Number of protein chains: 2
Amino acid sequence: MVAVDREEHSRSVKQKILDAARELLVADGVEGFSMRKLAGKIGYTATGIYHHFPDKQAVLEEVIETDFRSLRASLGRIGNVGDPIDRIQQMGMAYVDFAIEFPSHYQILFMTPASLPPDTKIVRCDPAEDAYAFLKQVVIEGLALGRFRTEFLDADELSQIIWSSAHGLVSLHITKGNDPWVPWRDLRSVSEKLFEALLRGLVR
Amino acid sequence: MVAVDREEHSRSVKQKILDAARELLVADGVEGFSMRKLAGKIGYTATGIYHHFPDKQAVLEEVIETDFRSLRASLGRIGNVGDPIDRIQQMGMAYVDFAIEFPSHYQILFMTPASLPPDTKIVRCDPAEDAYAFLKQVVIEGLALGRFRTEFLDADELSQIIWSSAHGLVSLHITKGNDPWVPWRDLRSVSEKLFEALLRGLVR
DNA sequence: CTTGACAACCTAACACTGTTAGGTATAATT
DNA sequence: AATTATACCTAACAGTGTTAGGTTGTCAAG
């Protein structure tokens with residue numbers, strides 16, 4: 001076995017870990033995800049994983065980063081042409097669809113506080129950051145076209161308003177979706193109505 | 001020491017635990033809250049607390065229930081008179097103010113999935129449920145007065161839309177409030193603008 | 001006044017968690 | 001053939017919530 005084979009093998013082990021991690025995350029959720037369980041799924045001991053990943057967070061981040069590409073693709077597919085307001089609505093729906101497809105991913109990405117901020121030096125790039133940038137860019141276009149009411153001048157303020165609405169719906173569904181005292185309506189259809197109403201209230 | 005004194009003492013111990021729990025929750029957050037730390041604050045051992053509370057969740061619930069009364073009072077102060085749309089806006093702001101004042105409480109109440117639902121028999125009454133009921137009642141009034149657009153007929157759908165918007169803002173602030181890549185605007189002023197825009201898009 | 005009961009608290013322990021230190025065997029390189 | 005490094009292991013640490021069982025001290029009853 002030569003060095004290149006060795007690297008290849010290490011890469012395949014890493015991939016095996018990631019696949020098992022995704023499976024475990026989907027099956028057992030964020031709370032049920034543990035290094036020992038993950039290791040058990042591939043016949044390893046928990047410490048064995050630390051030869052391929054620095055820590056638990058790194059494993060989860062890599063799983064999430066991979067699956068997050070589907071949202072990136074959806075957002076990219078919406079493109080740069082057409083009415084910015086329409087595109088914001090479409091982006092919102094893509095965002096909701098991602099949360100529906102990967103609720104545990106979403107939970108880690110958007111519902112878990114980042115550990116204390118002294119990570120400032122090496123910025124583990126955050127997919128959430130990209131999604132925000134995507135939205136803000138379209139908001140800026142809308143502002144340039146004068147599509148918003150005159151009291152809205154700040155792209156960050158507008159982005160935060162829109163992002164919050166989408167996040168509120170999906171995060172409540174994730175945390176309270178099984179509580180019997182909320183007669184939940186279909187998430188997608190409510191989302192559409194929410195975006196329509198909100199944007200109607202935002203545009204000029 | 002007679003029986004009544006004994007009860008009184010037990011109650012004061014219970015109160016001491018609750019006070020320490022509130023302090024610990026505010027200081028160290030949800031993640032930093034542990035039974036051993038809580039016990040340490042009052043010179044007890046962790047197990048000692050279990051003679052006054054069945055488990056950790058019960059301690060937190062009682063702390064939260066107490067402080068939640070301030071939101072209940074605010075919502076009650078808004079009353080049953082006046083324009084329902086105006087009242088919804090006021091309720092939203094009261095909700096936001098509660099989240100600002102008690103972020104850790106809010107995190108437990110609205111951002112943590114209730115443990116598996118077989119609690120169906122003995123319903124530990126959930127303050128979140130009350131808040132939702134408050135909102136829904138005013139939404140129903142608005143519906144009765146024909147204040148909403150004709151496509152909105154369902155009080156639950158409307159309530160969920162409005163609740164989501166409020167929740168999205170405050171929950172993102174709590175989880176991502178320290179992330180440097182979001183230039184957060186003032187939560188209260190953004191909230192006001194969000195509610196105005198959303199309600200403008202909802203009303204007839 | 002003694003006995004029994006009960007409350008309130010303790011120490012130990014269990015089953016977990018993420019993570020680190022240190023050892024071992026196997027494979028690749030010199 | 002000797003050395004080095006990889007990939008894995010066991011054991012352990014410091015936590016977590018929680019339970020079992022023992023030790024007080026104060027109460028109520030005989």
Side-chain angles (χ1 to χ4, degrees), chain A residues 1-18 20-21 24-25 27-63 104 107-108 112-116 118-119 124, chain B residues 1-18 20-21 24-25 27-63 104 107-108 112-116 118-119 124:
Chain A
M1 202 190 262
V2 267
V4 56
D5 287 347
R6 200 161 212 197
E7 269 181 47
E8 201 171 316
H9 176 256
S10 173
R11 226 178 308 135
S12 91
V13 170
K14 211 174 162 186
Q15 194 52 54
K16 205 166 65 178
I17 294 174
L18 288 171
L24 183 60
L25 181 61
D28 292 21
V30 189
E31 265 76 52
F33 186 98
S34 87
M35 294 298 267
R36 285 175 176 85
K37 270 201 227 172
L38 170 57
K41 274 178 80 81
I42 56 169
Y44 275 21
T45 285
T47 54
I49 296 176
Y50 286 83
H51 279 256
H52 303 273
F53 296 90
D55 54 18
K56 175 182 173 179
Q57 204 198 342
V59 180
L60 291 173
E61 271 176 11
E62 200 148 329
V63 170
S104 297
Q107 215 171 328
I108 297 171
T112 309
S115 50
L116 292 176
D119 292 320
R124 294 174 161 183
Chain B
M1 203 191 263
V2 268
V4 56
D5 287 346
R6 202 162 211 198
E7 268 181 48
E8 200 170 318
H9 176 256
S10 174
R11 224 180 310 135
S12 91
V13 170
K14 211 173 163 186
Q15 194 53 53
K16 205 166 65 179
I17 294 174
L18 288 171
L24 183 59
L25 181 61
D28 292 20
V30 188
E31 266 74 52
F33 186 99
S34 88
M35 293 298 267
R36 285 175 174 85
K37 270 200 227 172
L38 170 57
K41 277 179 78 81
I42 56 168
Y44 276 22
T45 284
T47 54
I49 296 176
Y50 286 82
H51 278 260
H52 303 273
F53 296 90
D55 54 19
K56 176 182 172 178
Q57 204 197 343
V59 180
L60 290 173
E61 271 175 11
E62 200 147 330
V63 170
S104 297
Q107 214 172 329
I108 296 172
T112 308
S115 51
L116 291 177
D119 292 318
R124 292 174 163 183

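So you know, we letter chains A, B, ... as the sequences are listed, proteins then strands, and number each from 1. Predicted, not measured: the structure shown is a model, and the values here were computed from it.
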query = Atom CG of B:Leu60 and atom CG of B:Leu24: how far apart are they, to the nearest 0.5 Å?
reply = 9.0 Å
Listed pairs, N/O of protein and of nucleotides 17-21 of chain C, under 3.5 Å:
unit_1	atom_1	unit_2	atom_2	d
C:dT17	OP1	A:Ser34	OG	3.0
C:dG18	OP1	A:Phe33	O	3.4
C:dG18	OP1	A:Met35	N	3.3
C:dG18	OP1	A:Lys56	NZ	2.9
C:dG18	OP2	A:Met35	N	3.0
C:dG18	N7	A:Arg36	NH1	2.8
C:dG18	O6	A:Arg36	NH2	3.0
C:dT19	OP2	A:Tyr50	OH	2.9
C:dT19	OP2	A:Lys56	N	2.9
C:dT19	O5'	A:Tyr50	OH	3.4
C:dT19	O4	A:Arg36	NH2	3.3

request  = Can you sort out the partners of B:Lys37 under salt bridge (charged side-chain N to carboxylate O under 4.0 Å, His left out), two or more places apart, ordered by chain and number?
outcome  = B:Asp28
query = Roughly how far, to the nearest 0.5 Å, is CD of B:Gln57 from CD1 of B:Ile108?
reply = 9.5 Å
remark   = side-chain contact (heavy atoms from CB on, under 4.5 Å) filter on B:Ala27, not counting sequence neighbours, yields none
query = Has A:Tyr44 got a side-chain N or O lying under 4.0 Å from the OP1 or OP2 atom of D:dC9?
reply = no
message = If I take atom CE from residue A:Met35 and atom OG1 from residue A:Thr45, how far apart are they, to the nearest 0.5 angstrom?
response = 12.0 Å
Polar atom pairs between nucleotides 23-25 of chain C and protein, under 3.5 Å, N or O only, would you list them?
none

task = Please list, chain by chain and in numerical order, all residues satisfying side chain to side chain donor-acceptor pair (under 3.5 Å) with B:Lys41, sequence neighbours excluded.
result = B:Glu23
inquiry  = Measure NE2/A:His52 against C1'/D:dC8 and give the value in whole Å, please.
reply    = 8 Å
task = Starting from P on C:dA8, measure out to CD1 on B:Ile17 and report it in whole angstrom.
result = 10 Å
request  = In whole angstrom, give the distance that lies between atom CG of B:Leu38 and atom P of C:dC9.
outcome  = 13 Å
query = Who passes side chain to side chain donor-acceptor pair (under 3.5 Å) against B:Glu62, sequence neighbours left out?
reply = none
request  = Show your working on side chain to side chain contact (heavy atoms under 4.5 Å, CB included) between A:Gln107 and A:Glu31 and close with a plain yes or no.
outcome  = CA-CA 10 Å; A:Gln107 215 171 328; A:Glu31 265 76 52; 4.0 Å; yes
